[in-house]
Amino acid sequence: MQMNKVLVIGSGGREHAIVEALSRSPKVDRIYCAPGNAGIAVLAECVKIGVEDVEALSEFAEENGITLTVVGPEAALAAGVVNKFKEKGLRIFGPTKEAARIESSKEFAKEMMEKYNVPTASYRVFDEFAPAWEYVRNRPLPAVIKYDGLAAGKGVVVALSYEEAENALKDMLLDASFGKGRVVVEDFLSGPEFSFMCVVSGEKVYPLDLAQDHKRAYDGDKGPNTGGMGAYSPVPFISDEVRDIALEKIIRPVAKGLVKEGVSFTGVLYGGLILTDEGPKVIEFNARFGDPETEVVLPRMKSDIYDLFNAAIDGKDYEIIWNPEAVLGIVLASNGYPGSYDKGFEIKGLDKVTGSVYHMGTAEKEGRILTAGGRVMMVTAKGENLRDAQGKALEEAAKIQCDNLFYRKDIGKQAL
């Protein structure tokens, strides 16, 4: 009998959650993760290959008889890992480099939305500082300034003052903080935000349950934008009707549009959406599972995720079944994040936590778990409802002892 061996590419909390979901499948015999992390190592064999080393990753899959590869991070997609695997006839879940432009180029995403009548904020694109600053200086605030490329979730500034706008434009266009690039300047949209991740296979869409991510570093939505300080699912204030509108007016038209443009999408299409007075609109698209949303959505999935991934690759129908309970997760981050921070602090108390802990930036040294990133780990808890899940998650987070970590205590506040 053939052994089903799965390779997950990535090293963060999202990949830890994917590995955990795969480990629940009776059809999966063995899991590898490249490069993985200290938490993932409990469930999978970690392989020291970087996420952008597409040649080494594909060779590993060939040599080890991997039956399915799942891509976590955007950097691997942008490096063309899916293209390389497909060239070699290897099964992989994720979009090609061309289809992943829906995330890697804000301009391409905006052009797609304009062409296929998908509701979003109006925008202008600039690649030079002077005309960009001229435009922003003469328009009302807030202005949303986005770097047109990958910036690890940090290339977006909501400028509330002209000084802030000027600094953001200098940062992105003159100092090239994220590399040489251009910027997209958008109108500011107001309303509650939510994350709508859907598994997509060409024109087929398999919707996942909704989540809400908390981007600001500190309680009360204060402080700088981060990659996400916590999340929860489901999202009670987004009605089924709004979700269905988002599915029919946003996700399906983009999936169909990508097919029409000759860049058919297979993988997770993530809609970062906002509920405005005019209905749901798009803030951004990602071409992969969101982080930290994956860590609260996948634990609620009753269906076998291995079957879901394979159905998507083969373009087959598949109905996802969900647990009704709520899941809420709190990110523990290094002091100083999202700015500069120190690493190497020992983390104790993990053995006392009864909820799930997803490792984001950790390292193991001589049996000790140390901090090794900005976002270090995410503690999640399940509950009958969000309030119950929030209470449990706060209790669990308090059990973790480390001299250099902070976390928000109000994750879930919009729903509660």
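Residue numbers run from 1 in the order of the sequence given. Predicted model, so just to flag it, every value in this text is computed and none were measured. Every heavy atom of this structure was used, including side-chain atoms; hydrogens, water molecules and symmetry mates were not.
- The backbone N or O of N64 sits less than 3.5 Å from a side-chain atom of K5, completing a donor-acceptor pair.
- Between D219 and K413 there is no salt bridge, since no side-chain N of the basic residue sits under 4.0 Å from a carboxylate O of the acidic one.
- One N or O on the side chain of N37 and one on the backbone of G39 form a donor-acceptor pair closer than 3.5 Å.
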### Task
Mind running side-chain contact (heavy atoms from CB on, under 4.5 Å) on Y147 and V156 for me, showing each step along the way?
CA-CA 6 Å; Y147 175 71; V156 178; over 6 Å; no

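- What you find for P253 and V118 is that their closest heavy atoms are CB-CG2, 4.0 Å.
- Between the side chain of T362 and the backbone N or O of I369 there is no donor-acceptor pair closer than 3.5 Å.
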### Query
Does the side-chain contact (heavy atoms from CB on, under 4.5 Å) test come out yes or no for V184 and R124, once each step is laid out?
CA-CA 6 Å; V184 176; R124 292 271 305 272; over 6 Å; no

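- The closest side-chain heavy-atom distance from Y116 to K260 is below 4.5 Å.
- Heavy-atom minimum distance, A211 versus V296: CB-CG2, 4.2 Å.
- Counting only residues at least two apart or in different chains, ring-ring contact (aromatic ring centres under 6.0 Å, His included) contacts with residues 4-32 comprise H16-Y358, H16-H359, Y32-F60.
- Using a 3.5 Å distance cut-off with no hydrogens or angles, the side chains of R300 and S233 do pair a donor with an acceptor.
- Taking both residues in full, the closest heavy atoms of F194 and V242 are given as CZ-CG1, 4.2 Å, listed atom of the first, atom of the second, then distance.
- Residues I411 and Q390 have side chains not in contact (no heavy-atom distance under 4.5 Å, counting atoms from C-beta outward).
- For F126, the ring-ring contact (aromatic ring centres under 6.0 Å, His included) partners are Y135, not counting sequence neighbours.
- Pairs of residues two or more places apart, or lying in two chains, that qualify as salt bridge (charged side-chain N to carboxylate O under 4.0 Å, His left out) and include a residue from residues 11-35 are R14-E74, E20-R24, K27-D307, R30-E45.
- Taking a 6.0 Å sphere around NZ of K281, one finds it holds more than 12 heavy atoms contributed by other residues, nucleotides or ligands.
- Counting heavy atoms of neighbouring residues, nucleotides and ligands inside a 6.0 Å radius, atom CD of E128 does not exceed 12 of them.
- At least one side-chain heavy atom of L258 sits under 4.5 Å from a side-chain heavy atom of V254.
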### Task
Take E261 and K115 through the test salt bridge (Lys or Arg N to Asp or Glu O under 4.0 Å) and record every step on the way to the result.
CA-CA 11 Å; E261 299 298 319; K115 188 167 180 180; 2.8 Å; yes

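- Salt bridge annotation for E87-K84: present, with a cationic side-chain nitrogen under 4.0 angstrom from a carboxylate oxygen.
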### Query
Run the salt bridge (Lys or Arg N to Asp or Glu O under 4.0 Å) check on K222 and D410 step by step: do they pass?
CA-CA 11 Å; K222 295 197 166 58; D410 65 345; over 6 Å; no

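- Applying the side-chain hydrogen bond (donor to acceptor under 3.5 Å, both in side chains) criterion to E366, with sequence neighbours excluded, gives no partner residue.
- Atom CG of D187 has more than 12 heavy atoms from other residues, nucleotides or ligands within 6.0 Å.
- In this structure, the side chain of S23 does not engage the main chain of L43 through any donor-acceptor pair within 3.5 Å.
- Annotation: side-chain hydrogen bond (donor to acceptor under 3.5 Å, both in side chains) contacts of E134 (sequence neighbours excluded): R137, N138.
- One N or O on the side chain of D53 and one on the backbone of A56 form a donor-acceptor pair closer than 3.5 Å.
- Residue pairs meeting the salt bridge (charged side-chain N to carboxylate O under 4.0 Å, His left out) criterion with at least one member in residues 327-351, sequence neighbours excluded: E346-R368.
- By the 4.5 Å heavy-atom criterion applied to side chains, L208 and F289 are counted as neighbours.
- Closest approach of A61 to L90, counting heavy atoms only: CB-CD1, 4.1 Å.
- Contacts of K365 classified as salt bridge (charged side-chain N to carboxylate O under 4.0 Å, His left out), with partners at least two apart in sequence or in another chain: none.
- Partners of F237 by ring-ring contact (aromatic ring centres under 6.0 Å, His included), not counting sequence neighbours: none found.
- Panel note: side chain S201, backbone K204; no donor-acceptor pair is recorded below 3.5 Å.
- No side-chain donor-acceptor contact under 3.5 Å links S105 to the backbone of R101.
- Checked options K106, E114, E107, M113; the residue passing with K110 is M113 (criterion: side-chain contact (heavy atoms from CB on, under 4.5 Å)).
- Within 6.0 Å of NZ on K249 lie no more than 12 heavy atoms contributed by other residues, nucleotides or ligands.
- Considering all non-hydrogen atoms of both residues, S195 and Y270 come closest at OG-OH, 3.1 Å.
- In this view, F93 and F309 satisfy the ring-ring contact (aromatic ring centres under 6.0 Å, His included) rule, not counting sequence neighbours.
- Annotation: side chain of F345 is not in contact with side chain of L370 (no heavy-atom distance under 4.5 Å).
- The backbone N or O of K215 sits less than 3.5 Å from a side-chain atom of T226, completing a donor-acceptor pair.
- In this view, E396 and T354, K399 satisfy the side-chain hydrogen bond (donor to acceptor under 3.5 Å, both in side chains) rule, not counting sequence neighbours.
- In this model, no donor atom of one side chain and acceptor atom of the other lie less than 3.5 Å apart for Q212 and E193.
- Contact annotation: the side chain of I347 approaches that of T371 to within less than 4.5 Å [non-hydrogen atoms, C-beta and beyond].
- Judged by the 6.0 Å and 45° rule, K88 forms no cation-pi pair with F85.
- Between Y218 and F406, the distance separating the two ring centers is shorter than 6.0 angstrom.
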### Verdict with reasoning, L308 to V199, per side-chain contact (heavy atoms from CB on, under 4.5 Å)
CA-CA 8 Å; L308 171 61; V199 170; 3.9 Å; yes

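- A donor-acceptor pair under 3.5 Å is absent between the side-chain atoms of D213 and the main chain of E293, judged by distance alone.
- Taking all atoms of both residues into account, the shortest heavy-atom contact from V19 to A44 is CG1-CB, 4.0 Å.
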### Residue pair V200, T266: steps toward the side-chain contact (heavy atoms from CB on, under 4.5 Å) verdict
CA-CA 5 Å; V200 169; T266 299; over 6 Å; no

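- Side-chain N or O atoms of S58 include one that pairs as donor or acceptor with a backbone N or O of E55 at under 3.5 Å.
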Distance-only donor-acceptor pairs under 3.5 Å for side chains of residues 157-166, two or more places apart:
{"from": "S161", "atom 1": "OG", "to": "E164", "atom 2": "N", "distance (Å)": "3.1"}
{"from": "Y162", "atom 1": "OH", "to": "R139", "atom 2": "O", "distance (Å)": "2.7"}
{"from": "E164", "atom 1": "OE1", "to": "L160", "atom 2": "N", "distance (Å)": "3.0"}

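- Between V183 and V125 there is no side-chain heavy-atom pair separated by less than 4.5 Å.
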What donor-acceptor contacts under 3.5 angstrom involve side-chain atoms of residues 325-333, with partners at least two apart or in another chain?
none

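- The pair R216-D221 fails the salt-bridge criterion, with no side-chain N (NZ, NE, NH1 or NH2) lying under 4.0 Å from an Asp/Glu carboxylate O.
- Side-chain contact between L210 and P234 is absent, with no heavy atoms from C-beta onward closer than 4.5 Å.
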